[in-house]
Amino acid sequence: MQTKGKVLSFGELLLRICPDGEGQWLAENQLPFFVGGAELNVATALALWDIPSAYLTALPENSVSEQLIHYLQERNIDTSPIVMQGERIGLYYLPKGKDLKNAGVIYDRKGSAYADLTPGIINWDAVFEGVSWFHFSAICPAINQNVADVCLEALQAAKARNIFISLDLNYRAKLWQYGKDPVEIMPALAQYCDLIMGNIWAANKMLGMPLQEELVADIEKEKLLQHATLTSETILKEFPNCKTVANTFRFDYQEKGIQYFTTLYSQNQLHVSQEYKVDQILDKVGSGDCFMAGLIYGFYQGHAPQETLEFATAAAFKKLFILSDATTSTVAEIEETIQAYAH
């Protein structure tokens, strides 16, 4: 699984607008915002960790796009694959501290440059030049049928070039609005993927993997780990191209905290991360993207599965204390966190 070209992440660049719940932003004439998008968060983390990172999205030709591209370039992200087309940049509104799965999220993405992508627009020969790893998430095909078709086109082109493919099974109920259930779209895409990351509930919703109610009823760790093995083995059987499955388990702890652990199933073995428990966090957005980036980092570097999993989990945990969409934690800081929480 050791690869040495660029890692190309594909998805929509979004601006996250953060109104406070009380409407104070109206009185202050100030609205915090962050540059985001699940796949960009992955690209940003990898570039920060010195992995050659490229990003493919679509942006309109205007001064804001120019500033955004410059912002990405300053973070060592290769922006040459970006397609310039369309009229607008996608937005979403999320009150501070809320989770993207939360009902509070408001999307404003229809008619964006990325949503207007159709097959045939992207020159895959040029885009995949020097790329050895392609990453995308289930948020991309959730937008509309055309973008789902572009994802398929990307995966076929990547597979033809023997490029390693990873998929994050991000489920966003508010996005799947074009008459298709995820389970009608995702399995056809998952068959091309070498590494699939998500959780047992997302695998059920998006890939049709069975959910054993008796194992998830009371959130017992041993039963959840049992289910992680079942789900992983079923995915590997259904999608023979896939060799590795990762699952995250993140639960609210006390009032404002979190309990967090993860698994990685590889070569007939379930690896389990150390567990993190904390009673106060700052921002849930982008933690899963950070976990994904950590997996890519570990496998890219040729690390063993357990070491890769611990790094990814600590990276995701540290992201919970960073107020932005992408991580700012260095490799050294993440490694310190692993040691600090080791039991």
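Below, each value reflects all heavy atoms present in this structure, side chains not excepted, and no hydrogens, waters or symmetry copies.
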Output yes when [X] and [Y] qualify as a salt bridge under the 4.0 Å nitrogen-oxygen rule, no when they do not.
X      : Y      : result
Lys318 : Glu333 : no
Lys221 : Glu275 : yes
Lys6   : Asp78  : yes
Lys284 : Asp252 : yes

Under 30°, 30 to 60°, or over 60°: which ring-plane class applies to [X] and [Y], parallel, tilted or perpendicular?
X      : Y      : result
Tyr178 : Trp176 : parallel
His303 : Tyr297 : perpendicular
Phe291 : Tyr260 : perpendicular
Tyr276 : Tyr341 : tilted

Can [Y] be reached from [X] by stepping across I, L, V, M, F, W or Y side chains whose heavy atoms are under 4.5 Å apart?
X      : Y      : answer
Val35  : Val64  : yes
Phe136 : Ile121 : yes
Tyr71  : Leu59  : yes

Could you tell me whether a side-chain N or O of [X] sits under 3.5 Å from a main-chain N or O of [Y], the two making a donor and an acceptor?
X      : Y      : result
Thr231 : Ala228 : no
Asp20  : Glu22  : yes
Lys256 : Tyr253 : no
Thr57  : Gly11  : yes
Ser53  : Ala43  : yes
His227 : Gln212 : yes
Gln191 : Asn241 : no
Glu184 : Asp181 : yes
Asn62  : Ser65  : yes
Lys319 : Ile322 : yes

Going by the rule salt bridge (Lys or Arg N to Asp or Glu O under 4.0 Å), which residues pair with [X] if we only count those two or more places apart in sequence or in a different chain?
X      : value
Lys159 : Asp194
Arg75  : none
Asp149 : none
Asp325 : Arg16

### Query
What's the verdict on side chain to side chain contact (heavy atoms under 4.5 Å, CB included) for Val7 and Val42, showing C-alpha distance, side-chain angles and the deciding distance?
CA-CA 10 Å; Val7 177; Val42 171; 5.7 Å; no
Between [X] and [Y], is any pair of side-chain heavy atoms under 4.5 Å apart?
X      : Y      : result
Phe249 : Asn199 : no
Lys4   : Ser132 : no
Met84  : Ile82  : yes
Val278 : Phe321 : yes
Val127 : Leu8   : yes

### Task
Might you work through the side chain to side chain donor-acceptor pair (under 3.5 Å) test for Gln73 and Thr79, ending with a clear yes or no?
CA-CA 7 Å; Gln73 288 167 346; Thr79 60; 2.9 Å; yes
Going by atom types alone, do [X] and [Y] pair a side-chain donor with an acceptor below 3.5 Å?
X      : Y      : result
Gln306 : His271 : yes
Thr262 : Thr313 : yes
His135 : Ser166 : yes

[X] [atom1] to [Y] [atom2] distance, which is reported to the nearest 0.5 Å:
X      : Y      : atom1 : atom2 : value
Met186 : Lys180 : CE    : NZ    : 13.0 Å
Tyr92  : Ile17  : OH    : CD1   : 10.0 Å
Ser329 : Ile334 : OG    : CD1   : 5.0 Å
Asn247 : Leu224 : CG    : CG    : 10.0 Å
Arg250 : Phe317 : CZ    : CZ    : 12.0 Å
Ile165 : Leu195 : CD1   : CG    : 11.0 Å

Indicate every side-chain donor-acceptor pair of residues 200-207 with a distance under 3.5 Å to a residue at least two apart or in another chain.
residue: Asn204; atom: ND2; partner: Met209; partner atom: O; Å: 2.9

### Closest non-hydrogen atom pair between Leu189 and Leu155, with its separation
O-CD1, 3.5 Å
Does atom [atom1] of [X] have more than 12 heavy-atom neighbours, drawn from other residues, nucleotides or ligands, at distances under 6.0 Å?
X      : atom1 : answer
Asp218 : CG    : yes
Glu87  : CD    : no
Glu214 : CD    : yes
Glu153 : CD    : yes

### Query
Under the 4.5 Å side-chain heavy-atom rule for ILVMFWY, direct or indirect, which residues accompany Leu230?
Leu215
### Query
Does the separation of the ring centres of Tyr300 and Trp49 fall below 6.0 angstrom?
no
### Query
What pairs of residues pass the side chain to side chain donor-acceptor pair (under 3.5 Å) test when at least one of them lies in residues 38-48, not counting sequence neighbours?
Glu39-Ser137, Asn41-Asp289
## Note on the structure
The side-chain hydrogen bond (donor to acceptor under 3.5 Å, both in side chains) partners of Thr263 (sequence neighbours excluded) come to none
### Message
Which residues pass the side-chain contact (heavy atoms from CB on, under 4.5 Å) test with Lys110, not counting sequence neighbours?
### Response
none
### Message
If the condition is side-chain contact (heavy atoms from CB on, under 4.5 Å), which residues does Gln267 pass it with, not counting sequence neighbours?
### Response
none
### Message
By the ring-ring contact (aromatic ring centres under 6.0 Å, His included) test, which pairs, at least two apart or in different chains, include something from residues 6-47?
### Response
Phe10-Tyr114
### Message
Could you go through Arg88 and Asp116, starting from their C-alpha distance and side-chain angles, then the distance that decides it, and tell me whether this counts as salt bridge (Lys or Arg N to Asp or Glu O under 4.0 Å)?
### Response
CA-CA 10 Å; Arg88 59 180 303 250; Asp116 285 349; over 6 Å; no
### Message
Test of understanding: with ring pair (Phe, Tyr, Trp, His ring centres under 6.0 Å), list the residues that count as partners of Tyr265, not counting sequence neighbours.
### Response
none
